[in-house]
A.B. asks: 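So that we are looking at the same thing, I have put the structure below in structure tokens.
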Amino acid sequence: MSFSFFKPSRPKTPQEVAKAINDSLTALDIQTVAEVKALEKALEEVEKNFGIMRCMLVGDGETEPNMEQVSQLAFEMCKEDGLALLVHKLPILGWEARKDLVHCWSVLLKQKVDDTYCCAQYVESHYELLDFLVVSYDNKEIALNCGAMLRDCIRFPILAKYILESASFVLFFKFVELPNFDVASDAFSTFKDLLTKHGTVVSEFLTAHYDEFFDLYEKLLTSPNYVTRRQSLKLLTDFLLEPPNSHIMKRYILEVRFLKVMMMLLKDSSKNIQIAAFHIFKVFVANPNKPREVKVILAKNHEKLTELLQNLSAGKGDEDDQFEEEKELIIKEIELVTQLPNLGC
């Protein structure tokens with residue numbers, strides 16, 4: 001008598017897992033799943049295959065993943081266009097399947113095959129996938145999933161560069177102010193990664209798109225939304241004062257309109273925003289090459305600025321001491337500007 005039916009089924013190979021995933025995702029075609037029951041069955045099959053993929057990529061909690069199989073699965077998912085299917089079918093997947101997909105996406109992008117990040121290279125050859133993920137912030141059902149997948153992509157300079165230079169990048173200025181707080185916060189996290197992860201890439205982008213970018217960024221700094229103002233001001237400090245962007249900063253602090261924005265933020269009702277604004281405002285004032293227009297604005301407003309600064313305090317021990325020293329230097333510099341001849345004040 002045979003008891004073979006008690007034997008565990010043979011584990012699938014990476015090739016078989018990739019094929020099963022592709023087949024089950026392809027079966028989600030609307031014409032194939034016109035009936036609700038058919039759709040439910042197709043989604044169950046996808047979820048099952050994603051579970052197998054996740055187990056192969058990260059192990060099952062008891063057994064560590066076989067790295068040779070992990071590499072092979074990454075290769076197969078690229079070879080059969082499985083990565084494109086993962087992205088494009090994301091909107092119709094269930095919650096559990098989306099969660100597994102995001103986890104597997106992260107592992108796949110980190111996986112090298114013959115010293116090459118083959119999945120990242122695949123995305124590089126299919127940039128439309130990045131555009132799809134960006135615009136999906138408009139779909140609150142999958143926005144957080146797509147945000148996590150985008151941030152995995154942004155770890156690679158070439159992919160970050162594409163997003164920055166793509167037409168879809170300007171959408172982030174809208175997404176960071178979406179009414180759904182969780183989605184807006186996630187969009188801002190992705191926006192921040194784009195502007196801080198790769199200094200040289202960001203510097204090149206800002207150099208080429210200076211006017212367009214800072215016109216849009218000014219709207220964030222002057223937003224009626226407190227969270228937007230605070231986050232965008234903090235982010236401006238994070239990337240504008242970094243060494244690769246020193247030439248951008250030098251250009252920024254020559255412009256009167258941006259000085260006026262910082263002066264307005266110094267009067268904000270939030271102390272946190274006031275202090276953050278001070279750290280950029282002081283660069284305008286300390287600039288030894290201030291243009292005449294900047295000097296005129298500082299001179300005309302020196303009394304109000306002095307009063308604002310005197311009432312501003314960091315209140316954090318040693319940091320407060322440094323802050324007070326900087327503040328006094330800036331107040332003195334403003335006073336010196338008022339004494340300059342021929343400003344017409």
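Computed from a predicted model, the values in this text were never measured in an experiment. Every heavy atom of this structure was used, including side-chain atoms; hydrogens, water molecules and symmetry mates were not.
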A.B. asks: Closest approach of I92 and L43, non-hydrogen atoms and distance?
C.D. replies: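 That closest heavy-atom pairing would be O-CD2, 3.3 Å.
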A.B. asks: Answer yes or no: is there a side-chain heavy-atom contact under 4.5 Å between M262 and L221?
C.D. replies: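 SC-SC contact between M262 and L221 confirmed.
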A.B. asks: For a quick test of reading the model, state the closest non-hydrogen atom pair linking C78 to Y122 and the distance between them.
C.D. replies: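 Nearest heavy atoms, C78 then Y122: O-CE1, 3.5 Å.
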A.B. asks: Charged N to carboxylate O under 4.0 angstrom, K79 versus E76?
C.D. replies: yes
A.B. asks: Do the side chains of E255 and L259 get nearer than 4.5 Å, heavy atoms only?
C.D. replies: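 Result no, sub-4.5 Å side-chain heavy-atom pair not found.
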A.B. asks: Could you tell me whether K327 and E324 have a side-chain N and a carboxylate O separated by less than 4.0 Å?
C.D. replies: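 The answer is yes: the pair qualifies as a salt bridge.
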A.B. asks: Less than 3.5 Å apart, any donor N or O on the side chain of D238 or T196 sitting next to an acceptor on the other?
C.D. replies: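 No, because no side-chain N or O of D238 sits under 3.5 Å from a partner of the opposite role on T196.
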A.B. asks: For residues H209 and F213, establish whether the separation of their ring centroids is below 6.0 Å.
C.D. replies: no
A.B. asks: Does the side chain of I280 come within less than 4.5 Å of L233's, by heavy atoms?
C.D. replies: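 A side-chain contact exists here, since the closest heavy-atom pair is under 4.5 Å.
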A.B. asks: Scan residues 163-190 for pairs that pass salt bridge (charged side-chain N to carboxylate O under 4.0 Å, His left out), counting only residues two or more places apart or in two chains.
C.D. replies: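 For residues 163-190, and leaving out neighbouring residues, the salt bridge (charged side-chain N to carboxylate O under 4.0 Å, His left out) pairs sorted by first residue read D138-K174, R151-D186, K161-E165.
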A.B. asks: Treat each ILVMFWY residue as a node, draw an edge where side-chain heavy atoms are under 4.5 Å apart, and state whether M264 and L220 are in one component.
C.D. replies: yes
A.B. asks: Looking at N139 and P91, what are the two nearest heavy atoms and their distance?
C.D. replies: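 The pair with the smallest heavy-atom distance is ND2-CB, 4.5 Å.
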A.B. asks: Taking all non-hydrogen atoms of both residues, which atom of K267 and which atom of Q274 are closest, and how far apart?
C.D. replies: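 Smallest heavy-atom distance, with atoms named: C-NE2, 4.2 Å.
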A.B. asks: Are Y226 and I273 packed together at the side-chain level, in the sense that at least one heavy-atom pair is separated by less than 4.5 angstrom?
C.D. replies: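 Heavy-atom side-chain distance check passes, below 4.5 Å.
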A.B. asks: Determine the minimum heavy-atom distance between L130 and L159, stating which atoms define it.
C.D. replies: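 What the structure gives for the nearest pair is CD1-O, 4.0 Å.
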A.B. asks: Going by side-chain hydrogen bond (donor to acceptor under 3.5 Å, both in side chains), name the pairs with one or both residues in residues 40-59, residues two or more places apart or in two chains.
C.D. replies: S24-N49, E45-K48, R54-D100
A.B. asks: Between F188 and F175 (judged by ring centroids, cut-off 6.0 Å), do the two rings come close enough to count as a pair?
C.D. replies: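 They do not qualify: ring centres at least 6.0 Å apart.
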A.B. asks: Could you report the tightest heavy-atom contact between L109 and Y117, atom names first, then the distance?
C.D. replies: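 Closest approach of L109 to Y117, heavy atoms only: O-CD2, 3.5 Å.
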A.B. asks: Is any side-chain heavy atom of F281 closer than 4.5 Å to one of L298?
C.D. replies: yes
A.B. asks: Evaluate the side-chain proximity of V176 to Q231: yes if any heavy-atom separation is below 4.5 Å, no if none is.
C.D. replies: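 Q231 does not reach V176 side chain to side chain.
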A.B. asks: What is the ring orientation for Y252 with F258, classed by angle as parallel under 30°, tilted 30 to 60°, or perpendicular over 60°?
C.D. replies: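 Parallel.
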